[in-house]
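Have a look at the structure below before the remarks.
Bear in mind that the values here come from a model prediction, so they are computed numbers and not experimental data.
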Amino acid sequence: MSQIDIQCLFNKNRFPSGWRFLPVVLYSPLGFILVSLRLLVVLLLWLLASLLPDCNFLRTFLSYGIRIAFGIIVKIDAESEPRDKQSRIIIANNVSVLDHFALRCATETLIPSVWELPTALSNVLGLQKMNMTNKETLIANIKQFLSTSMYSIAIQPEFGTTNSQVALLKFNSWPFSIETSVQPVAIKALRSEVVPVHVTSLASTWWTEVFWFMFVPYTIFILKYLKIRRNPDHEILVREVEKDIADTLGLQTCSHTVSDKTEYEKRYRTRILSNARPNRNTPNSQVIHSIEIQRMVHQVRDVLPLVPHNVILRDLMKTRNVDVTIANILDGIVTYTPEPNPPAQSSVILSSGSQNSAKERMFVITSFQEKKTKMIQEARERYIKKHGLTNC
């Protein structure tokens with residue numbers, strides 16, 4: 001299992017770069033018309049599934065409708081192994097948010113889900129609602145379902161999509177503890193080269209992925225059954241199946257898991273947001289920022305006129321908050337040498353007996369201290385109440 005840079009596993013952009021993006025721009029008007037029409041089809045299918053009783057005819061109609069609505073074509077690879085129905089667990093790689101429909105069409109399997117959908121629609125989409133509170137509960141639900149249903153269960157142990165160009169995410173081992181034998185299935189998803197929109201992109205939501213299914217002319221899923229694998233040791237079985245699927249797709253295996261993908265997506269989103277924020281290095285931003293800081297310095301000096309200007313400025317650059325800076329000075333967190341001669345403006349104000357007189361400054365400081373003490377007391381009471389500490 002090789003160590004691959006995690007950023008190589010995902011498409012950061014939905015579209016190709018350079019001149020290959022031009023066909024997407026030219027196709028866009030037709031794409032948006034397709035999305036509008038397909039949304040109407042989805043709405044019709046939802047209404048039919050909600051209003052009509054569940055039956056084979058309705059399921060067949062819904063299946064064809066979903067193919068049209070999402071432009072999905074499902075094929076079985078010509079070199080595929082025959083489906084071995086001795087195994088009720090199908091293990092497949094993860095290439096898109098609609099893999100479950102392709103697996104349902106080709107393998108007559110359902111994937112555990114938390115979605116609450118009309119029964120007929122849920123079945124056609126290849127979803128089976130189960131309690132997924134924790135791993136043990138889900139395994140028990142799957143075993144119970146297999147004992148009472150004619151359908152098999154499909155699981156995608158990557159639990160996250162990649163760009164299907166470099167490597168698979170590391171398979172989780174718990175699905176292989178359900179039965180000692182599993183049927184591996186390798187999935188590929190292809191789209192038209194005329195409209196080269198990637199099947200997945202990093203940090204996309206499920207509804208964004210569905211939108212692009214409706215936007216492009218079609219998406220082809222090619223499924224290939226592999227030889228059934230048996231092993232009572234599920235930790236060995238998972239690695240064997242992982243390698244079989246990776247070799248079939250011409251990919252590598254790696255140590256990155258879906259948790260690593262989640263963390264990478266968080267960092268990626270944070271970087272995008274930080275780049276989108278206004279740049280403080282621009283001339284206008286610098287002027288506005290400087291004026292705001294100077295205004296806060298004057299507010300602090302109105303209360304504490306003996307504190308040097310540079311001391312106040314240095315702390316405000318860290319806190320960006322007048323009250324916090326005043327608290328830091330009063331609590332001794334910020335040390336300073338008092339100015340022997342306060343600024344002339346302060347002297348005039350002091351001598352005139354205005355709002356910045358020594359008595360009133362002491363009143364402001366006292367009020368601030370009382371406010372801080374009250375906040376500490378309220379926080380302590382909330383903590384005691386939350387943790388039930390009655391004898392404090």
Does a donor on one side chain and an acceptor on the other come within less than 3.5 Å for Arg83 and Ser152?
yes

Of Leu223, Ile91, Leu226, which is the lone residue that meets side-chain contact (heavy atoms from CB on, under 4.5 Å) with Val185?
Leu223

Report yes or no: does Asp260 contribute a side-chain atom to a donor-acceptor pair with the main-chain N or O of Thr257 at less than 3.5 Å?
yes

Decide if the gap between the ring center of Phe215 and the ring center of Tyr27 is smaller than 6.0 angstrom.
yes

Main chain of Leu146, side chain of Ser149: is a donor-acceptor contact present, judged purely on distance under 3.5 Å?
no

When the ring centroid of Phe15 is compared with that of Trp212, is the distance short of 6.0 Å?
yes

Can you tell me if Thr253 and Glu242 form a side-chain donor-acceptor pair at under 3.5 Å?
no

Shared ILVMFWY cluster between Leu98 and Trp46, side chains joined below 4.5 angstrom?
yes

For Thr133, is there any backbone N or O sitting under 3.5 Å from a side-chain donor or acceptor partner on Thr137?
no

Among Val311, Asp315, Val307, Ile329, find the one that has a side-chain contact (heavy atoms from CB on, under 4.5 Å) with Val300.
Ile329

Does a donor on one side chain sit under 3.5 Å from an acceptor on the other, for Ser201 and Ser204?
yes

Does a side-chain heavy-atom distance below 4.5 Å link Val114 with Lys129?
no

Please check this pair: side chain of Lys261 against backbone of Thr161, looking for a donor-acceptor N/O pair closer than 3.5 Å.
yes

Parallel, tilted or perpendicular: which fits the ring planes of Phe10 and Tyr264, with parallel below 30° and perpendicular above 60°?
parallel

May I ask you to decide if Phe171's main-chain N or O and Arg239's side chain share a donor-acceptor pair within less than 3.5 Å?
yes

Is there a side-chain contact between Pro196 and Phe21 (heavy atoms, below 4.5 Å)?
no

Any sub-3.5 Å donor-acceptor pair from Asn123's side-chain atoms to Ala120's backbone N or O?
no

Between Arg88 and Val182, is there a donor-acceptor pair closer than 3.5 Å when you use the side chain of the first and the backbone of the second?
no

Is a side-chain N or O of Ser122 found less than 3.5 angstrom from the main chain of Pro118, in a donor-acceptor match?
no

Return the CD1 to CD distance between Ile155 and Glu158, rounded to the nearest 0.5 Å.
13.5 Å

Between His100 (side chain only) and Leu125 (backbone N and O only), is there a donor and an acceptor less than 3.5 Å apart?
yes

Are side-chain heavy atoms of Gln299 and Ile326 found at a separation under 4.5 Å?
no

Quick one about Thr180 and Arg230 (side-chain donor to acceptor, distance below 3.5 Å, no hydrogens or angles considered), yes or no?
no

Side chain of Gln156, backbone of Ala92: donor and acceptor closer than 3.5 Å?
no

